[in-house]
Participant: 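Attaching a single structure in structure tokens format; questions to follow.
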Amino acid sequence: MTAVTRQRDTAEEATDAEVVGRVRRGDTDAYRTLVARYQDVLYRQALGMVGEADVAADLVQATLVNAYTQLDRLRDDSNYGGWVYRMCQNRCRDHLKSVRRRDVSLDESPPAALASPFAADAPMERRELRRALGAALQQLNDEHREAFILKHVEERSYDEMATLLGASVPALKMRVHRAREALRCALEEVL
């Protein structure tokens with residue numbers, strides 16, 4: 001095993017706190033470990049929130065760069081994941097607010113994450129249902145959409161969601177419940 005392979009294996013096994021500590025001590029390459037750990041989950045969350053793949057990728061990249069430059073503001077090195085997740089969440093919310101201010105409708109097209117996974121030969125009903133669900137999801141307020149995506153797309157536990165969102169478990173259960181009810185009502189109107 002080479003030194004580079006050993007270092008890579010060690011970096012992948014290191015806790016977030018250990019990696020953050022190395023970055024703070026000047027090992028800028030160690031930040032790649034954190035990027036590798038979190039970019040996919042951040043992307044899925046951003047895509048679910050904003051509904052556009054390119055925009056979601058840009059928001060995640062900007063979040064990770066900002067997290068690196070703001071690392072000195074992280075109070076608990078072991079909570080890097082929750083901290084960077086909240087940064088991305090806030091960036092997505094800001095983006096959605098700016099889109100709303102420009103009077104661009106979020107309902108014009110369903111989120112790419114919900115509309116594209118089906119092949120062109122999929123039954124028409126299923127594709128229409130997917131579009132309707134995407135449009136209904138975009139109508140939810142940000143808190144309900146985030147909670148729904150974390151619970152039903154990311155399949156996170158309520159405890160994990162509480163850590164990521166900084167909210168209590170009962171509050172998150174209520175958000176998920178309200179999101180489900182709003183989606184059910186929206187889909188009943190369409191279907």
Side-chain angles (χ1 to χ4, degrees), residues 35-67 81-158 160-167 171-191:
V35 169
R37 283 182 191 170
Y38 291 101
Q39 70 183 355
D40 289 345
V41 70
L42 293 175
Y43 175 76
R44 287 189 301 270
Q45 181 66 13
L47 184 59
M49 287 186 68
V50 301
E52 297 177 50
D54 291 341
V55 173
D58 290 345
L59 291 170
V60 170
Q61 182 177 8
T63 298
L64 290 168
V65 168
N66 190 48
W83 179 71
V84 75
Y85 183 86
R86 282 187 295 280
M87 288 178 81
C88 186
Q89 173 186 36
N90 290 337
R91 192 169 290 274
C92 290
R93 284 180 177 170
D94 291 346
H95 170 76
L96 290 172
K97 286 177 189 173
S98 72
V99 168
R100 287 182 191 124
R101 271 187 245 125
R102 291 188 309 248
D103 292 327
V104 175
S105 173
L106 293 175
D107 298 332
E108 291 176 5
S109 62
L114 298 174
S116 64
F118 293 101
D121 61 338
M124 182 62 106
E125 295 170 4
R126 189 152 180 155
R127 283 186 290 185
E128 289 302 317
L129 178 61
R130 197 71 162 175
R131 282 190 202 109
L133 179 59
L137 190 59
Q138 289 301 308
Q139 292 176 9
L140 296 177
N141 70 38
D142 294 342
E143 287 183 345
H144 293 163
R145 185 180 323 113
E146 290 165 349
F148 183 86
I149 289 169
L150 282 173
K151 186 66 183 163
H152 295 293
V153 176
E154 292 291 323
E155 298 179 346
R156 300 280 184 150
S157 71
Y158 282 108
E160 290 173 314
M161 292 169 61
T163 300
L164 290 172
L165 298 175
L172 291 169
K173 287 181 178 182
M174 183 56 70
R175 288 179 195 174
V176 170
H177 172 74
R178 288 184 177 154
R180 281 189 206 128
E181 287 299 307
L183 289 172
R184 184 183 57 76
C185 290
L187 291 175
E188 283 177 355
E189 290 176 14
V190 173
L191 304 175

Participant: At what distance, to the nearest 0.5 angstrom, does CD of Glu154 lie from CD of Gln45?
Facilitator: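 Nearest 0.5 Å value for the CD-CD distance: 6.5 Å.
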
Participant: Restricting to non-hydrogen atoms, name the atom on Gly48 and the atom on Gln138 that form the minimum distance, rounded to 0.1 Å.
Facilitator: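 So the two residues come closest at O-NE2, 3.5 Å.
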
Participant: So, do Thr63 and Tyr85 sit near enough that their side-chain heavy atoms are less than 4.5 Å apart?
Facilitator: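 They are not in contact (no side-chain heavy atoms under 4.5 Å apart), so the answer is no.
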
Participant: Got more than 12 heavy atoms from elsewhere within 6.0 Å of CD, Gln61?
Facilitator: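 Not buried by this count: 12 neighbours or fewer within 6.0 Å.
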
Participant: Is any side-chain heavy atom of Glu146 closer than 4.5 Å to a side-chain heavy atom of Arg93?
Facilitator: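 SC-SC contact between Glu146 and Arg93 confirmed.
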
Participant: Do Leu59 and Met49 touch side chain to side chain, with heavy atoms closer than 4.5 Å?
Facilitator: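 Not touching, per the 4.5 Å side-chain cut-off.
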
Participant: What is the minimum heavy-atom distance between Arg145 and Asp142, and which atoms define it?
Facilitator: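 Where Arg145 meets Asp142 most closely, the heavy atoms are NH1-OD1, 3.2 Å.
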
Participant: Ignoring hydrogens and geometry, is there a side-chain-to-backbone donor-acceptor pair from Arg156 to Leu150 under 3.5 Å?
Facilitator: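 Answer holds: no.
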
Participant: Ion pair present between Asp94 and Arg91, side-chain N to carboxylate O less than 4.0 angstrom?
Facilitator: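 No, no charged N to carboxylate O under 4.0 Å.
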
Participant: Can you list everything that forms a salt bridge (Lys or Arg N to Asp or Glu O under 4.0 Å) with Arg178? Sequence neighbours excluded, please.
Facilitator: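 Here no residue qualifies.
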
Participant: Ignoring hydrogens, what is the shortest heavy-atom contact between Ala67 and Trp83? Give both atom names and the distance.
Facilitator: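 Looks like O-CH2, 3.4 Å.
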
Participant: If you look at every heavy atom in Met161 and Ala147, which pair is closest and at what distance?
Facilitator: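 Nearest heavy atoms, Met161 then Ala147: CE-O, 3.5 Å.
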
Participant: Quick one: closest heavy-atom pair of Ala179 and His144, and the distance?
Facilitator: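 Minimum heavy-atom contact is CB-O, 3.6 Å.
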
Participant: Give the C-alpha distance, both sets of side-chain angles, the deciding distance and a yes or no for side chain to side chain contact (heavy atoms under 4.5 Å, CB included) between Met87 and Leu42.
Facilitator: CA-CA 10 Å; Met87 288 178 81; Leu42 293 175; over 6 Å; no

Participant: What I'd like to find out is whether the side chain of Lys151 reaches to under 4.5 Å of the side chain of Leu172, using heavy atoms alone.
Facilitator: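 Side chain of Lys151 against side chain of Leu172, heavy atoms only: no contact under 4.5 Å found.
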
Participant: Any donor-acceptor pair under 3.5 Å linking the side chain of Arg86 with the backbone of Leu164?
Facilitator: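 Here the side-chain-to-backbone pair exists.
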
Participant: Do Lys173 and His177 have side-chain heavy atoms sitting under 4.5 Å apart?
Facilitator: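 A side-chain contact is absent here, since even the closest heavy-atom pair is not under 4.5 Å.
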
Participant: To check you understand the geometry: which heavy-atom pair defines the closest contact between Ala53 and Tyr43, and what is its length?
Facilitator: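 It is CB-OH, 3.3 Å.
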
Participant: Just how far is it from atom CG of Leu165 to atom CD of Gln89, taken to the nearest 0.5 Å?
Facilitator: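 Rounded to the nearest 0.5 Å, the CG-CD separation comes out at 5.0 Å.
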
